[in-house]
Amino acid sequence: MRVVQKFGGSSVADAQSIKRVAERIVATKERGYDVVVVISAMGDTTDELTDLALQVSPNPRPRELDMLLTAGERISAALLAMAINDLGHDARSFTGSQAGVLTTAAHGDARIIDITPGRIVTALEDGDVVIVAGFQGVSQTTKDVTTLGRGASDTTAVALAAALGADHCEIYTDVDGVFTADPRIVKAARRIPEISYEEMLEMAASGAKILHLRCVEYARRENVAVHVRSSFSDKPGTWVKDLKEAPVEQPLISGVAHDRSEAKITVVGVPDQTGKAAAIFNTIAAADINVDMIVQNISHDPDGDGPDPSRTDISFTLPQSSGAKAIEVLGAKKDDIGFTGIVYNDAIGKVSVIGVGMRSHPGVTAKFFAALAAAGINIDMISTSEIRISVVVGADFVDKAVQAAHTAFGLDAEGEAVVYAGTGR
Ligand code: ADP
Ligand code: ASP
Ligand code: MG
């Protein structure tokens, strides 16, 4: 029997927590499992290291940033191995590179290409508990150390579970599983006992950071069952897996997600001519920037207050981290494309309702929008997929919008969802 257990940063925030996690791991080992542990950096270490880098250099080279950030996971991995050793079990820590996590060369956002877990298998055969530093690997081409993106220790864990043929992958965090909304915002959020890969993918893609998006993609592709639970309790958690049979009483909405990581750019006064939108989004794509929602409105005459039918305003959302780059590349094309200005706004948030039930039920959109209207919340942008409706609202209205949608779709539960640790950063 083989299991991969991943512990997030808030579960190993200090020495005491590392010892507590070590006991949990040893208990699994003593039940007869081969245990591979994927560990995150302690607490908010990754944020703190990033802040530190920016104090030293406003624009650090991505290679050096990865050298810096991977150190966070290396620290917690070594400390955890020490704590397990003191409990009378052999444990060995490995960096991602040593563990055979081979990636692309894209620093800060590398993809796992392959895992060659020779050293892990040998250590397991020796009876050791294996500790792997999460969210990192080594580029197959440059041989440099890479990171896989924020929150990507989840992805390391699922990828290792697949490569090692583990029975399943356990993700230990600071809440009791996947809830119908972020328990930090909705106290009445309800634990979801089982959720399909499909819905979990949509939740993760819509900002529910309980699981890294690529972890869910990987799990679905490799058919790895993921058990999300708290490292602070023994509650049953959530199983993310292939749900062959939908529950009899399919809820209309299975969850509400939010995302504060995006910004909105409005390209103002774009000539209303064929090819202009293509030129804008070609420019953005050439800079490797992912666009999420797009809206086109009629422009206003800069001299009067009336509409100007010869020009349009094109707005789109993108990751805040790409904002500066987008302004730069678009700015360089201002005369070429012929627009009059760029407006940047990062005081926005996206709120999404998700559920496979909406496929067969009309009226979900109306109910969602009515709930927002009743709460006095103005909708800025809208987008939909088959099983999701998303809106952009002002940053100050995100919490209220999530709560309003959660109540409107009857998701509120009796007991309060517990948040055991973490700063929510
Ligand atoms: P870790 O450090 O363990 O990886 P994260 O902070 O990345 O933890 O993810 C756990 C957090 O995800 C929770 O503390 C919670 O605030 C947030 N979260 C967002 N949406 C949800 C949801 N639908 N269910 C549970 N937690 C959620
Ligand atoms: N330490 C990394 C981060 O904070 C990776 C992770 O925790 O999953 O993003
Ligand atoms: Mg996480």
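Indexing begins at 1, ligand by ligand and atom by atom, following the structure's order. Quantities reported herein were computed from a predicted structural model and do not represent experimental measurements.
A donor-acceptor contact closer than 3.5 angstrom is absent between the side chains of S139 and D144.
Annotation: side chain of D176 is in contact with side chain of S233 (closest heavy-atom distance under 4.5 Å).
Contact annotation for K209 and ligand 1: heavy atoms of both the backbone and the side chain come within less than 4.0 Å of the ligand. Contacts with ligand 1 closer than 4.0 Å are made by heavy atoms of both the backbone and the side chain of I210. For K6, every heavy-atom contact with ligand 1 shorter than 4.0 Å involves the side chain, none the backbone.
Ring pair F232/Y420 is parallel by interplanar angle, where below 30° counts as parallel and above 60° as perpendicular.
Residue-ligand proximity: A189 is placed with every non-hydrogen atom at 4.0 Å or more from ligand 1. Using a non-hydrogen distance threshold of 4.0 Å, M203 registers as a contact of ligand 1. At least one heavy atom of A181 sits less than 4.0 Å from an atom of ligand 1. Within the structure, the closest approach of G255 to ligand 1 does not fall below 4.0 Å when heavy atoms are considered. Under the 4.0 angstrom criterion for non-hydrogen atoms, V178 is in contact with ligand 1.
The single protein non-hydrogen atom nearest to atom 13 (C) of ligand 1 is D174 OD1, 3.4 Å, given as residue, atom name and distance.
Residues satisfying the side chain to side chain contact (heavy atoms under 4.5 Å, CB included) criterion with D380, sequence neighbours excluded, are K264, V392. H168 pairs by the ring-ring contact (aromatic ring centres under 6.0 Å, His included) definition with W239, not counting sequence neighbours.
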Name each N or O atom in ligand 2 that is under 3.5 Å from a protein N or O, and give the partner atom and the distance.
unit_1: ligand 2; atom_1: 1 (N); unit_2: T46; atom_2: OG1; d: 2.8
unit_1: ligand 2; atom_1: 1 (N); unit_2: E73; atom_2: OE2; d: 2.6
unit_1: ligand 2; atom_1: 4 (O); unit_2: T46; atom_2: OG1; d: 3.4
unit_1: ligand 2; atom_1: 4 (O); unit_2: R150; atom_2: NH2; d: 2.9
unit_1: ligand 2; atom_1: 7 (O); unit_2: S40; atom_2: OG; d: 2.9
unit_1: ligand 2; atom_1: 8 (O); unit_2: G151; atom_2: O; d: 3.4
unit_1: ligand 2; atom_1: 8 (O); unit_2: A152; atom_2: N; d: 3.4
unit_1: ligand 2; atom_1: 8 (O); unit_2: S153; atom_2: N; d: 3.0
unit_1: ligand 2; atom_1: 8 (O); unit_2: S153; atom_2: OG; d: 3.1
unit_1: ligand 2; atom_1: 9 (O); unit_2: R150; atom_2: NE; d: 2.6
unit_1: ligand 2; atom_1: 9 (O); unit_2: R150; atom_2: NH2; d: 3.4
unit_1: ligand 2; atom_1: 9 (O); unit_2: G151; atom_2: N; d: 2.8

Going by atom type alone, with no hydrogens or angles, which donor-acceptor pairs under 3.5 Å involve a side-chain atom of residues 121-135 and a protein atom two or more places apart or on another chain?
unit_1: T122; atom_1: OG1; unit_2: G118; atom_2: O; d: 2.9
unit_1: D126; atom_1: OD2; unit_2: R92; atom_2: NH2; d: 3.1
unit_1: D128; atom_1: OD2; unit_2: R92; atom_2: NE; d: 2.8
unit_1: D128; atom_1: OD2; unit_2: R92; atom_2: NH2; d: 2.9

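Summarising the contacts of atom 25 (C) of ligand 1 with G177, S40, S10, A208, the nearest heavy atom is found in G177.
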